[in-house]
Structure formats: C-alpha cells, structure tokens
Amino acid sequence: MRMDLVEITITQAERRKAQQQLIERRRAQWCEEGAELMERRLNTGLTATYVARQMEIDVKRLRRLERGEPVKQAYLLRKSYENVLAYQEKVLKNEQLAAEVAKLRSQLHQTNVIVEVNAGLFLEFRLHRR
C-alpha cells in the first residue's frame, strides 16, 4: 500500500512537470495568437468587455487569452473569439457597403441619363446635371 502512494506521488509530479514544459513550449505561440486577436478586436473598434460578453466569459479570462497566458479550453475560446470578430467585421463591411450604396443612390438622383440613338445606330450617353 505504501508503494502505491509513492508511485502516485511520483506520477503526479511527473505529470505536473510535463504540463509545465508543454506550457513553456507553447507560450510564444499563445502570445502571438493572443496579440493577433487583440489587434483584430482593436481594429474593429470593439472593447474587451463587449467581446467577453458575446463569448459569455469573464473579461479577465479574455485578457489572459490575449496575453497568451494559459487558460482552460483555450482552443474553444480562441474559436469563439474568432467567430465574434468575424461577425463584427462582416457587420462593419455591410455598414460600409450600405453607405456606399446610399452615396451612389444620391448621385443617381442628382443625374439624368439620356440615351440617344443617332443615324449610325451608335449609342451616345450624355449626363445632364439637374
């Protein structure tokens, strides 16, 4: 019985050591990924609080992810973060396109297009401003 406890203790210590080594090897990757997510968030004008609410997590956990610190379920959190950002980027793109369409409509309302066919059956476009 005593030997089993010693073996369990050694196994747990080995597991903690292996886990710490894994963390150290992946830390640079996590820092890079977190920095990329944060940069995208800032470029879309989102706050960390907003993104955390959308992900239904605490903002402190989001910040740890952005800093590349170890967090539980990091893969799922990154994917969720990416989905929030992708959605918001699409919303921004749609807003830009809607503004562009509104501008073009405004220009169209200010311009009359007259199409005339001359004797040689060529189309001639003349724009007349109102």
Side-chain angles (χ1 to χ4, degrees):
M1 182 77 145
R2 176 101 171 117
M3 187 60 136
D4 291 341
L5 289 176
V6 171
E7 288 176 11
I8 290 172
T9 304
I10 291 171
T11 304
Q12 289 173 342
E14 289 172 348
R15 190 175 329 133
R16 280 193 299 271
K17 183 178 178 182
Q19 186 177 21
Q20 198 60 31
Q21 289 172 344
L22 177 65
I23 289 171
E24 293 306 317
R25 285 194 309 267
R26 293 196 177 166
R27 188 173 304 277
Q29 176 188 352
W30 292 341
C31 286
E32 185 178 317
E33 290 171 352
E36 288 172 4
L37 290 171
M38 185 169 68
E39 183 178 346
R40 279 181 64 195
R41 175 178 62 78
L42 294 173
N43 287 340
T44 56
L46 300 176
T47 65
T49 303
Y50 174 83
V51 173
R53 282 185 187 151
Q54 295 301 309
M55 294 172 61
E56 298 181 359
I57 63 169
D58 186 69
V59 73
K60 292 177 186 176
R61 192 169 182 202
L62 180 84
R63 294 279 192 196
R64 286 194 307 273
L65 182 68
E66 288 180 339
R67 288 191 303 263
E69 296 175 8
V71 292
K72 288 186 179 187
Q73 299 178 326
Y75 176 79
L76 294 176
L77 289 178
R78 274 193 298 278
K79 290 300 179 186
S80 178
Y81 198 147
E82 289 170 359
N83 286 338
V84 169
L85 292 174
Y87 173 79
Q88 191 63 34
E89 288 164 349
K90 285 182 170 88
V91 167
L92 290 175
K93 184 66 175 174
N94 283 342
E95 289 172 357
Q96 291 170 348
L97 291 172
E100 193 174 320
V101 166
K103 181 181 173 185
L104 291 171
R105 281 186 178 150
S106 174
Q107 290 173 353
L108 182 61
H109 290 303
Q110 295 172 4
T111 306
N112 291 328
V113 177
I114 299 173
V115 178
E116 297 177 2
V117 179
N118 64 15
L121 297 177
F122 293 103
L123 294 179
E124 179 181 328
F125 295 95
R126 289 187 297 162
L127 298 178
H128 296 280
R129 295 268 181 206
R130 286 185 195 174

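In this text the structure is predicted, and so the values were computed from the model without any measurement. In this chain, numbering begins with 1 at the start of the sequence shown.
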- Passing candidate, salt bridge (charged side-chain N to carboxylate O under 4.0 Å, His left out) with Glu66, options Arg78, Lys60, Arg41: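 For Glu66, the salt bridge (charged side-chain N to carboxylate O under 4.0 Å, His left out) check succeeds only for Arg41.
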
Taking the side chain as everything from C-beta on, heavy atoms only, tell me whether [X] gets closer than 4.5 Å to [Y].
| X | Y | result |
| --- | --- | --- |
| Gln96 | Lys93 | yes |
| Arg64 | Pro70 | no |
| Gln88 | Tyr50 | yes |

To the nearest 0.5 angstrom, please state how far the [atom1] atom of [X] sits from the [atom2] atom of [Y].
| X | Y | atom1 | atom2 | value |
| --- | --- | --- | --- | --- |
| Tyr75 | Glu33 | OH | CD | 10.5 Å |
| Met38 | Leu46 | CE | CG | 13.5 Å |
| Leu62 | Met55 | CG | CE | 5.5 Å |
| Leu85 | Lys90 | CG | NZ | 11.5 Å |
| Glu32 | Leu37 | CD | CG | 11.0 Å |
| Glu69 | Arg63 | CD | CZ | 11.5 Å |

Greater than 12 external heavy atoms within 6.0 Å of [X]'s [atom1]:
| X | atom1 | answer |
| --- | --- | --- |
| Arg67 | CZ | yes |
| Glu56 | CD | no |
| Glu82 | CD | yes |

Can [X] and [Y] be counted as an ion pair, charged N to O under 4.0 angstrom?
| X | Y | value |
| --- | --- | --- |
| Glu89 | Arg40 | yes |
| Glu100 | Lys103 | no |
| Glu24 | Arg27 | yes |

- Transitively linked via ILVMFWY side-chain contacts under 4.5 Å: Trp30 with Val51? no

- Considering all heavy atoms, the nearest Ala52-Val59 contact: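 Where Ala52 meets Val59 most closely, the heavy atoms are CB-CA, 3.8 Å.
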
